[in-house]
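Excluded from the calculations below are hydrogen atoms, water molecules and symmetry mates; all remaining heavy atoms, backbone and side chain alike, are included.
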Amino acid sequence: MVSLKTLLFAGALVLALPAAAPAQEVFKEIASQRLEDLLRSMDIQYTKGTGEKGTTWYDYKSKNLMLRLWNFNGKDLMIDIFLPKVEWEAINKWNGNAKFSRARLNKDPKTGVESTVIEWNLDLAGGVTEETIKHFIRGFDVEVANWSNASVPAVTEEETFKEVTPDRLEKILQGMNVNFKKTQAKGNNVFTYDFERSNFKVRVTNFSGQDLMIDCVFAAAPLAKVNQWNVKRSYVRAVLYPGGGNPYTALEANLDCVAGTSESIIRRFITSFVDGDNAEVAAFDQHLKK
Amino acid sequence: MKPTCWAGPLLGGVLLLAAAPSAGGQNKEKVYRNLAPAQVEAILTEMGIKFAKTQPPKLANDFDYDFDRNSYKIRLTLSNSNRLWISAFFPKADLQKINQWNINAKFSRAVLDTVKDREYAIVEYQLDVFGGTTDNMVRQFIRRFDNEVSAFDQFLRSN
């Protein structure tokens with residue numbers, strides 16, 4: 001018979017042991033099916049293709065950018081993105097500072113178009129878990145965001161203009177893959193462009209080419225919460241509108257173009273409002289939900 | 001040989017075309033993604049603004065420029081080289097009034113904030129330098145705020 005003392009000792013020993021983390025399977029190769037299941041579990045919608053020597057690739061969209069995940073015979077993975085060309089100094093600087101990714105210049109042999117490519121690899125040969133691969137995929141988004149910040153030169157010579165014509169604004173939006181619905185206000189030179197981006201319904205208004213406004217509508221919120229946002233955040237304005245008895249909150253930002261602006265400034269004005277996890281709309285949405 | 005009579009106007013026209021910006025008022029300008037304090041100070045000086053420069057004690061990368069403009073006390077802050085922030089303080093107003101300003105505002109916003117245990121109605125405006133800015137945009141940013149401040153003052157005095 002087991003003595004009470006022995007039972008107590010065994011119990012104490014069990015309690016003293018560290019809680020075991022749920023075991024994750026470690027594997028050194030990944031089959032296409034498993035990788036595809038993993039992508040689906042991350043809500044990543046992809047288009048699959050095959051390359052040479054048994055490689056498979058998956059094109060998917062993240063933060064409104066097109067990325068490609070490569071599977072080299074299940075033994076190693078790579079993600080890459082093609083971005084506008086930058087000076088080689090920026091490439092070199094990135095490669096000098098980056099920990100996991102690398103940048104290179106690429107020239108399309110058919111079209112001659114030059115691009116910057118950011119890419120990084122995951123070697124599976126040493127053994128990985130599904131969580132490692134998820135982290136690899138998510139982490140690349142961060143790397144791309146870091147590139148956007150690091151690759152922009154401190155000063156550039158750009159074409160500036162004091163009137164944002166509808167044609168120019170539409171070209172900028174199209175260049176950003178924005179599918180918009182254009183409306184002209186009656187009797188004046190005001191145009192609105194409605195579109196959905198990052199799951200938010202956004203409107204850009206062009207006031208006679210003199211200034212641009214971008215806004216997004218949310219549910220009504222207490223004034224104290226609206227003010228709290230305005231106190232802590234830059235560049236935007238949260239406003240509670242009475243809405244004729246159906247109150248709502250709007251997040252707005254304006255770009256004064258009277259003294260001149262450039263296409264890159266307009267792009268940034270739009271992307272900082274709506275693209276990415278730290279974009280104004282996403283952050284405001286989180287603020288309202290707290 | 002003297003030029004023929006049409007050469008003068010033609011030459012003048014060519015010069016005019018060369019000097020004028022291209023169609024639609026387009027131009028080439030330097031676009032900055034960060035600003036040095038000296039750049040901001042040069043613009044203020046060139047605009048005839050006499051300022052007092054200070055640095056907040058715990059913010060090594062922030063520079064405050066205080067100046068009077070149209071009898072209002074204005075503060076321009078260059079933060080981390082990539083954000084310009086201009087503001088003017090007024091006595092406290094209720095949140096309905098603050099929000100009403102924001103309903104009508106285009107470039108500025110009003111906030112109710114507490115500074116050193118005292119509440120103020122503040123009208124403010126920010127310029128995203130990191131997104132790109134030009135010297136002309138900085139000047140316009142300061143000039144635009146002139147109108148916003150006086151309008152906000154009038155607005156607070158109205159019922």
I would like to know whether A:Lys162 and B:Glu29 meet salt bridge (charged side-chain N to carboxylate O under 4.0 Å, His left out); could you show each step before the answer?
CA-CA 12 Å; A:Lys162 293 181 178 179; B:Glu29 275 182 279; over 6 Å; no

Intermediate values then yes/no, side-chain contact (heavy atoms from CB on, under 4.5 Å), B:Lys30 and A:Glu157:
CA-CA 5 Å; B:Lys30 279 185 177 166; A:Glu157 189 95 347; 3.4 Å; yes

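If you measure heavy-atom distances from B:Ala105 to chain A, the contacts under 4.5 Å come from both the backbone and the side chain. With a threshold of 4.5 angstrom between heavy atoms, B:Trp85 approaches chain A through side-chain atoms but not through N, CA, C or O. Using a 4.5 Å cut-off between heavy atoms, B:Arg83 contacts chain A through both its backbone and its side chain. B:Leu127 touches chain A through its backbone: at least one of N, CA, C or O sits under 4.5 Å from a heavy atom, while the side chain does not. Heavy atoms of B:Ile98 lying under 4.5 Å from chain A belong exclusively to its side chain. Interface remark: B:Glu124 contributes side-chain atoms only to the contact with chain A (heavy atom separation under 4.5 Å). Only the backbone of B:Ser108 has a heavy atom closer than 4.5 Å to any heavy atom of chain A. Only the backbone of B:Thr133 has a heavy atom closer than 4.5 Å to any heavy atom of chain A. Residue contact with chain B, scored on non-hydrogen atoms closer than 4.5 Å, involves the side chain of A:Phe207 exclusively. With a 4.5 angstrom heavy-atom cutoff, B:Tyr125 touches chain A only via side-chain atoms.
Note that CG of A:Leu223 is 14.0 Å distant from NZ of B:Lys97, once rounded to the nearest 0.5 Å. Distance check: A:Glu158 CD to B:Tyr32 OH gives 12.0 Å after rounding to the nearest 0.5 Å. Of the inter-residue distances, the one linking B:Arg144 atom CZ with A:Asp211 atom CG reads 6.5 Å to the nearest 0.5 angstrom. Note that the CG atom of B:Asp113 and the NZ atom of A:Lys232 stand 13.0 Å from one another [nearest 0.5 Å]. Distance check, rounded to the nearest 0.5 Å: CD of B:Gln126 to CZ of A:Arg233 gives 11.5 Å.
Put simply, of B:Leu95, B:Asp128, B:Asn34, the one with the most heavy-atom pairs under 4.5 Å next to chain A is B:Asp128. For the options A:Arg267, A:Met213, A:Arg237, heavy-atom pairs under 4.5 Å to chain B are most numerous at A:Arg237. Ranked by heavy-atom pairs under 4.5 Å with chain B, the list A:Ala259, A:Ser272, A:Ala238 is led by A:Ala259. Ranked by non-hydrogen atom pairs under 4.5 Å with chain B, the options A:Thr165, A:Val236, A:Thr261 are led by A:Val236.
Counting all heavy atoms, side chain and backbone alike, B:Met137 lies closest to A:Gly260 at CG-O, 3.3 Å. Residue B:Val31 comes nearest to A:Ser262 through the heavy atom pair CG2-OG, 4.4 Å, listed as atom of the first residue, atom of the second, then distance. Minimum heavy-atom separation, A:Asn230 to B:Arg109: O-NH2, 2.6 Å. Across all non-hydrogen atoms, the minimal contact from B:Leu112 to A:Val231 is O-CG2, 3.6 Å. Nearest heavy atom pair, residue B:Asn102 against residue A:Glu252, reads O-OE1, 4.2 Å. B:Val111 and A:Asn227 get closest at one heavy-atom pair: CA-OD1, 3.4 Å.
Counting heavy atoms of neighbouring residues, nucleotides and ligands inside a 6.0 Å radius, atom NZ of B:Lys106 exceeds 12 of them. B:Asp68 CG: more than 12 foreign heavy atoms inside a 6.0 Å radius. In A:Lys225, the NZ atom is crowded: over 12 heavy atoms of neighbouring residues, nucleotides or ligands sit closer than 6.0 Å. Taking a 6.0 Å sphere around NZ of A:Lys107, one finds it holds 12 or fewer heavy atoms contributed by other residues, nucleotides or ligands. Annotation for A:Lys93: atom NZ does not count as buried by contact number, only 12 or fewer foreign heavy atoms lying within 6.0 Å.
Counting heavy atoms from C-beta outward, A:Tyr241 and B:Ile103 have side chains that approach closer than 4.5 Å. Between A:Thr156 and B:Arg33, some side-chain heavy-atom pair lies under the 4.5 Å cut-off.
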